[in-house]
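First up is the structure itself, then whatever we jot down about it.
None of the values given here were measured: they were computed from a predicted structure.
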Amino acid sequence: MFNFLKKLLHPSAEAPSSANEPSPQSGGDGGGLPMFLIVGLGNIGPEYADTRHNMGFKVVDRLAADAGATWQDKRYGFVTTIRVKNQQLLLLKPSTYMNLSGNAVRYWMNEKKIPRENLLVISDDLALPFGTLRLKPGGSEGGHNGLRHITQILGTNQYARLRFGIGNDFARGGQVDFVLGGFLPEEKQIMDERLGVFADCVRTYALEGIQRAMNKFNGK
């Protein structure tokens, strides 16, 4: 899906080996605080900014805005760090385009020594009605090329992912135009509320763990 978006980038280092991964919540910048990598998937550029395929970007933008954080243009993406009580969250918007998202994830996991257990990837999902939240600890990519590339780079699909439903109200053959299209008026009306719920889910994930976050937010 969406192979027309694929861009050539030189690969970075080898994917982190699960055998050498730090224990959960041991990553960070040396300040003693645990660090999580929260990745919002999307495509850079003004032509993609307000499209359904950029819901991952929108969620991490909301987290950054709630914390008063400023984005920095760094290697493989835009990053900022926020603090949620005793946890550090490194927010990432990959600049690799969707189909090569794994390159950015691998780089920042290595750079900040963040274990896979502290990785959460946020994406859009055609299989869910608009605004529906679905948090899972791993599983299939559901045809999403950003998730597929991350799985390929990490060598496993066992990493947390948070899906934002965008619906599938398109005619046969219209999938690409739909996901790269704008929002309906009724979707815009509930956008702010839904982004707030997703931001709360991410903060709960970091503070209380994925199981509690799933119990609290799945189905909301």
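The heavy-atom pair separating Glu47 from Thr51 by the smallest distance is O-CG2, 3.8 Å. Contact detail for Gly40 and Pro94: the closest heavy-atom pair is O-CD, 3.2 Å. Taking every heavy atom of both residues into account, Phe57 and Asn43 meet most closely at CE2-O, 3.6 Å. Contact record, Ile122 with Val60: CD1-CG1, 4.0 Å, taken as the closest heavy-atom pair.
Note on Leu180: it does not cluster hydrophobically with Leu184, by side-chain heavy-atom contacts below 4.5 Å among ILVMFWY residues. No continuous path of hydrophobic side-chain contacts links Leu128 to Met55 [ILVMFWY only; heavy atoms under 4.5 Å].
Every residue two or more places apart in sequence or in another chain that forms a salt bridge (charged side-chain N to carboxylate O under 4.0 Å, His left out) with Asp66 is listed here: Arg62, Arg203. Partners of Thr156 according to the side-chain contact (heavy atoms from CB on, under 4.5 Å) rule, which considers only residues two or more places apart in sequence or in another chain, are Arg116, Leu154, Gln158. Residues meeting the salt bridge (charged side-chain N to carboxylate O under 4.0 Å, His left out) test with Arg161, sequence neighbours left out: none. Listed by chain and residue number, nothing satisfies the salt bridge (charged side-chain N to carboxylate O under 4.0 Å, His left out) test with Asp73 (two or more places apart in sequence, or in another chain).
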- Query: Can you check side chain to side chain contact (heavy atoms under 4.5 Å, CB included) on Leu89 and Thr81, steps first, answer last?
  - Reply: CA-CA 6 Å; Leu89 277 61; Thr81 302; over 6 Å; no
- Would you sort out whether Leu63 and Phe198 count as a side chain to side chain contact (heavy atoms under 4.5 Å, CB included), showing the intermediate values? CA-CA 9 Å; Leu63 284 162; Phe198 274 75; over 6 Å; no
- Item | Chi angles and distances behind the salt bridge (Lys or Arg N to Asp or Glu O under 4.0 Å) call for Asp200, Lys216 | CA-CA 10 Å; Asp200 285 343; Lys216 286 185 178 182; over 6 Å; no
- Task: Carefully, step by step, assess Leu195 and Val59 under the rule side chain to side chain contact (heavy atoms under 4.5 Å, CB included).
- Result: CA-CA 6 Å; Leu195 288 174; Val59 174; 3.9 Å; yes
- Message: Between Leu41 and His144, is the side chain to side chain contact (heavy atoms under 4.5 Å, CB included) condition met? List the steps.
- Response: CA-CA 10 Å; Leu41 296 185; His144 195 286; 3.8 Å; yes
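Leu147 has its side chain within reach of Tyr159: a pair of non-hydrogen atoms, C-beta onward, lies under 4.5 Å apart. Considering only heavy atoms from C-beta on, Phe78 stays 4.5 Å or farther from Gln72 through its side chain. At a threshold of 4.5 Å between non-hydrogen side-chain atoms, the residues Leu126 and Ile166 count as touching. No side-chain heavy atom of Lys113 sits less than 4.5 Å from a side-chain heavy atom of Met35. You'll find the side chain of Leu90 stays beyond 4.5 Å of the side chain of Ile38, heavy atoms only.
In this structure, the separation between OH on Tyr205 and CD on Gln87 is 10.0 Å, given to the nearest 0.5 Å. Note that the CG atom of Leu91 and the OG1 atom of Thr80 stand 6.0 Å from one another [nearest 0.5 Å]. Of the inter-residue distances, the one linking Ile150 atom CD1 with Ile153 atom CD1 reads 9.5 Å to the nearest 0.5 angstrom. Between the CD1 atom in Ile210 and the CD atom in Glu117 there is a gap of 11.0 Å [rounded to 0.5 Å]. Atoms CZ and CG, on Phe36 and Asn118 in that order, are 4.5 Å from each other to the nearest 0.5 Å. Taken from NZ in Lys58 to CG in Asp124, the straight-line distance is 12.0 Å, to the nearest 0.5 Å.
Of the possible polar contacts, one joining the Asn215 side chain to the Gln211 backbone as a donor-acceptor pair under 3.5 Å is found. Without hydrogens or angle criteria, Trp108 side chain to Arg75 main chain gives a donor-acceptor distance under 3.5 Å. The closest donor-acceptor contact from the side chain of His53 to the backbone of Val179 lies at 3.5 Å or more, if one exists at all. The backbone N or O of Gly131 lies less than 3.5 Å from a partner atom in the side chain of Arg194, making a donor-acceptor pair. Judged by distance alone, with hydrogens and angles left aside, the side-chain atoms of Asn99 form no donor-acceptor pair with the main-chain N or O of His149 at under 3.5 Å. Not one N or O on the side chain of Ser101 forms a donor-acceptor pair closer than 3.5 Å with the backbone of Gly146.
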Can you give the donor-acceptor pairs under 3.5 Å from side chains of residues 132-143 to other protein atoms, not counting sequence neighbours?
from   : atom 1 : to     : atom 2 : distance (Å)
Thr132 : OG1    : Pro129 : O      : 3.0
Glu141 : OE2    : Thr151 : OG1    : 2.8

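Here the two rings, on Phe164 and Phe130, have centers that are under 6.0 Å apart.
A salt bridge (charged side-chain N to carboxylate O under 4.0 Å, His left out) check over residues 179-191, counting only residues at least two apart or in different chains, returns the pairs Arg52-Glu187.
Relative orientation of the Tyr107 and Tyr76 rings is tilted, given thresholds of 30° and 60° on the angle between their planes.
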